[in-house]
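Report on the following structure.
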Amino acid sequence: MRPLTQCKALLAAVLASAAVVSTSAPAQDRAGERAAMIETIKSHARSAPSAVEGQGIDPAVLATMAKVPRHLFVPEEQRGAAYGDRPLPIGHGQTISQPFIVALMTDLINAGPGDAVLEIGTGSGYQAAVLSPHAAKVYSIEIIPELGQRAAARLAELRYGNVEVKVGDGYYGWPEHAPFDGIVVTAAASHIPPPLVEQLAKGGRMVVPVGAPFATQFLMLVEKRQDGSITTRQLLPVGFVPLRGGGRAR
Ligand code: SAH
């Protein structure tokens, strides 16, 4: 984690730029609702101290979420509810994750400006958009072609230029671009996918929900140390849609 003072300075800078943008750019509409969502995320984080590792969610991650227009990532009929702290349907039986979980997962991989990050389960593209300013490059894989294509078009339109989406089975990762400094899996697997562990860089971190569908799943943090050894930690109970394909939860 970055030192607190540096985070505060960064937050001040980001907030200052947000304040300037908010008077002009249309993407900033509903900024007040996003600000309220950030307060909800912070209080949720306070109630899950062991998951957020001491200091709470990185202020830089919260500053990003104060800017990303979540309402543009959900279907028209869900737009009114876009800033509540809950998952919402995005079609094909899938959901956009709850904002607190998006914040937590982004915080936990602790990516930096030079890093390559892999996301499994593009869905709406929202988590990829939130990851975008915290990495050099975000690679995201979606198994449902229509969702993947729609998310790719949306991310391009909103100018998240460092995000690349492909349609495929994310259980097997994206070997051409490995290793990844951070991996975020946004669907629940029955086990931690070995190909993803393999594609994690030394010093890298992966967050992945593990468990059977309709049973309790746990968000797991997987770390690969510099010597290549793996540590895993169970963080908190979560409810994700199942990972399909090679890693489907049985
Ligand atoms: N991160 C998304 C939410 C994802 S919901 C967002 O921000 O909106 C989980 C997504 O994982 C769904 O879109 C589902 O189709 C996708 N998925 C399930 N199994 C997958 C697999 N094996 N590979 C890639 N994507 C998968």
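One-based numbering, in listed order, for ligands and for the atoms of each.
- Taking the six-membered ring where tryptophan is involved, the planes of Tyr139 and His177 are essentially parallel, since the angle between them stays under 30° and well short of 60°.
- Each of the following atoms of ligand 1 lies closer than 4.0 Å to a heavy atom of Gln127: 1 (N), 7 (O).
- Within the 3.5 Å criterion, the main-chain N or O of Arg70 finds a donor-acceptor partner in the side chain of Tyr83.
- Judged purely by atom type and a 3.5 angstrom limit, Asn162 uses its side chain to pair as donor or acceptor with the backbone of Ala135.
- More than 12 heavy atoms of other residues, nucleotides or ligands shown are found within 6.0 angstrom of CD on Glu176.
- At a 4.0 Å heavy-atom cut-off, ligand 1 touches Thr186 through backbone and side chain alike.
- In the vicinity of Asp169, heavy-atom distances shorter than 4.0 Å reach the ligand 1 atoms 21 (C), 22 (N), 23 (N).
- Atoms of ligand 1 found under 4.0 Å from any heavy atom of Ile144, numbered from 1 in the order shown, are 15 (O).
- Remark: Arg154 does not engage Glu157 in a salt bridge, criterion side-chain N to carboxylate O under 4.0 Å.
- Contacts between Glu142 and ligand 1 below 4.0 angstrom, taking non-hydrogen atoms only, involve backbone and side chain alike.
- The ligand atoms of ligand 1 that sit less than 4.0 angstrom from a heavy atom of Leu147 are 13 (O).
- For Thr95, every heavy-atom contact with ligand 1 shorter than 4.0 Å involves the backbone, none the side chain.
- Residue-level proximity to ligand 1 for His92 is absent, since no heavy atom of it falls below 4.0 angstrom.
- The backbone N or O of Pro175 sits nowhere less than 3.5 Å from a side-chain atom of Glu198 that would complete a donor-acceptor pair.
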